[in-house]
Number of protein chains: 2
Amino acid sequence: MNPVERENDEAARAAGSRLVQDFGLLIKAATRLEQRIDMALRKECEVSHTMFEVLIRLCRRPDEEISQRRLADDLTLTSSGITRLIDRMEGAALVRRGPAPGDRRSVLVEATDHGRAVFLRAAAVHARVVERYFVAPVAGADYARLTRALGEIDKALRDT
Amino acid sequence: MNPVERENDEAARAAGSRLVQDFGLLIKAATRLEQRIDMALRKECEVSHTMFEVLIRLCRRPDEEISQRRLADDLTLTSSGITRLIDRMEGAALVRRGPAPGDRRSVLVEATDHGRAVFLRAAAVHARVVERYFVAPVAGADYARLTRALGEIDKALRDT
DNA sequence: AGAGAATCGTTGACTGCTCAGCAATTGATT
DNA sequence: AATCAATTGCTGAGCAGTCAACGATTCTCT
């Protein structure tokens with residue numbers, strides 16, 4: 001076997017490895033799942049999945065003050081990404097910007113009444129899709145382990 | 001409680017629900033993981049994660065004929081997305097386009113020697129990151145269950 | 001108190017994708 | 001065999017994000 005044949009062989013082995021397959025599965029499943037949710041939300045509620053994630057945080061505790069910085073960190077977006085996202089959401093009257101008492105650099109974001117109403121409808125759609133493609137396919141006993149494993153992964157990623 | 005207060009309350013409950021949290025975790029973990037891999041690959045090998053996914057498929061069985069269509073389906077991209085991705089990869093000499101014997105609409109893609117060499121280096125980086133943030137955080141017994149669960153989710157998504 | 005470093009949000013230029021529409025080729029129906 | 005439908009890849013326009021640079025504000029240190 002000449003050098004390039006050996007390299008091809010090595011490459012084929014690497015490409016077929018267990019780890020590569022498994023990891024690909026995680027990414028693919030998550031991507032497809034998100035596309036599914038996104039399509040459903042856009043079609044039925046005229047919000048993107050990203051906007052929905054913002055609304056979750058704004059509706060969870062209506063009294064809590066949430067800055068753009070906080071949202072950016074939560075959604076793993078850059079600050080400029082958040083600026084533009086909130087621009088669009090403000091344009092759609094889902095959300096309102098306001099000054100942060102005690103720090104004039106910061107901008108606070110809160111849901112409008114309309115935003116909360118949309119969120120409520122969107123949450124129903126979300127629940128339906130998640131139930132069908134995330135909860136149902138996983139056997140009951142495995143569900144708890146799955147979320148625990150994901151929590152561990154997330155923790156490892158945050159810690160470093 | 002007036003109607004808008006009740007709505008706020010309902011929204012808060014929906015936003016804090018178990019399902020919403022769990023699902024958010026899946027998406028977030030997958031997103032962060034992919035960003036991690038992508039950064040490492042770009043920095044150390046000058047390929048994006050998406051390009052790496054293409055190379056996996058081209059190197060797995062070097063004799064197998066792989067069309068752009070096939071790649072698009074595999075990576076859940078549109079045909080135009082693949083066109084542009086392969087454009088860039090061809091520009092970087094990672095990949096070569098060729099005619100498909102037996103169907104003149106179709107375009108076959110194959111890895112160049114350089115593409116395979118890059119893939120080999122990239123696979124090492126990939127393995128390192130995956131090991132650290134995907135395998136290690138999940139207790140041994142749970143790993144098998146995790147990938148099985150992901151397989152089920154992926155299956156449910158493909159079937160409909 | 002004042003200077004320098006750090007943080008927050010915004011903007012311009014870019015990237016990597018999607019969507020809609022296209023031409024070329026192939027498949028199906030009659 | 002002729003037509004109509006479906007598939008394949010490509011292109012222009014648009015969208016949602018990034019990165020780099022900036023001004024405004026706040027924090028830190030002496």
Side-chain angles (χ1 to χ4, degrees), chain A residues 27-28 30-32 34-43 46-55 65-92 94-110, chain B residues 27-28 30-32 34-43 46-55 65-92 94-110:
Chain A
I27 300 296
K28 192 151 56 171
T31 305
R32 288 210 169 118
E34 196 186 355
Q35 284 175 351
R36 215 40 94 116
I37 296 267
D38 192 60
M39 285 218 299
L41 289 177
R42 289 188 125 93
K43 203 154 286 181
E46 276 139 13
V47 249
S48 67
H49 173 65
T50 316
M51 293 180 180
F52 180 72
E53 289 289 330
V54 169
L55 289 176
E65 297 190 339
I66 301 206
S67 66
Q68 291 194 180
R69 180 71 259 159
R70 177 86 195 295
L71 288 171
D73 290 341
D74 259 38
L75 306 204
T76 34
L77 289 185
T78 51
S79 60
S80 68
I82 275 291
T83 294
R84 291 167 151 107
L85 176 59
I86 299 299
D87 282 352
R88 292 189 310 265
M89 293 184 75
E90 209 174 23
L94 295 166
V95 124
R96 195 179 10 249
R97 276 192 248 237
D103 190 342
R104 279 184 299 177
R105 289 169 303 181
S106 191
V107 173
L108 257 36
V109 185
E110 59 179 357
Chain B
I27 301 296
K28 192 152 55 172
T31 304
R32 287 209 170 118
E34 196 186 355
Q35 284 175 353
R36 214 44 90 113
I37 296 268
D38 192 59
M39 287 218 299
L41 289 177
R42 289 188 125 92
K43 203 153 288 182
E46 278 140 12
V47 250
S48 68
H49 173 64
T50 316
M51 292 180 180
F52 180 71
E53 288 290 329
V54 169
L55 289 176
E65 298 190 340
I66 300 205
S67 67
Q68 291 195 181
R69 180 71 260 159
R70 177 88 195 295
L71 288 171
D73 290 341
D74 258 38
L75 306 204
T76 34
L77 290 184
T78 51
S79 62
S80 70
I82 275 291
T83 294
R84 293 172 214 279
L85 176 59
I86 299 300
D87 282 352
R88 293 191 306 269
M89 293 184 73
E90 208 175 23
L94 295 167
V95 124
R96 195 180 9 247
R97 277 192 246 236
D103 188 343
R104 279 184 299 177
R105 290 169 301 183
S106 191
V107 173
L108 257 37
V109 185
E110 60 178 357

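No donor-acceptor pair closer than 3.5 Å links the side chain of A:Asp38 to the backbone N or O of A:Ser48.
Taking atom CZ on B:Arg105 and atom C1' on C:dT26, their separation rounds to 4 Å, with Å as the unit. What separates CG of B:Leu71 from P of D:dT8 is a distance of 13 Å, to the nearest Å. Spacing between atom NE2 of A:His49 and atom C1' of D:dC15 amounts to 18 Å, rounded to whole angstrom units. Rounded to whole angstrom, the span from the CG atom of A:Leu75 across to the P atom of D:dA16 amounts to 15 Å. Rounding to whole angstrom units, CZ of residue A:Arg88 and C1' of D:dC15 are separated by 8 Å. In this entry the distance linking CG of B:Asp38 with P of C:dC17 reads 10 Å, nearest Å. Between the CG atom of A:Asp74 and the P atom of C:dC8 there is a distance of 14 Å, given to the nearest Å. Atoms CG (B:Leu77) and C1' (D:dC10) sit 15 Å apart, rounded to a whole Å.
Residue A:Gln35 places its CD atom among more than 12 non-hydrogen atoms of other residues, nucleotides or ligands, all under 6.0 Å distant.
For the atom pair B:Leu75 CG and B:Glu53 CD, the distance stands at 6.5 Å (nearest 0.5 Å). Atom-to-atom distance recorded for B:Leu71:CG and B:Leu85:CG is 8.5 Å, nearest 0.5 angstrom.
Judged by closest nucleotide on DNA chain D, B:Gln35 is the one of B:Gln35 and A:Asp103 placed further toward the 5' end. Between B:Leu85 and A:Arg69, the residue whose closest nucleotide on DNA chain C is further toward the 5' end is A:Arg69. Of the residues near DNA chain D, A:Ser80 and B:Leu108, the one whose nearest nucleotide (by heavy atom distance) lies more toward the 5' end is B:Leu108.
Residue-level contact check: A:Arg70 touches neither bases nor backbone, having no heavy atom under 4.0 Å from any strand. The residue A:Ser48 sits apart from the nucleic acid: no heavy atom pair falls under 4.0 Å.
Between B:Arg97 and the phosphate of D:dC10, there is a side-chain N or O to OP1/OP2 separation shorter than 4.0 Å.
Nearest nucleotide to the side chain of B:Gln68, out of C:dG16, D:dC10, C:dG9: D:dC10. Set against D:dG9, C:dG16, C:dC8, the side chain of B:Ser106 has D:dG9 as its closest nucleotide.
Residues A:Arg97 and A:Glu90 are paired through a salt bridge, judged by an N-O separation under 4.0 Å between the basic side chain and the carboxylate.
Judged by atom type and distance alone, A:Arg84 reaches the base of C:dG12 through a side-chain donor-acceptor pair under 3.5 Å.
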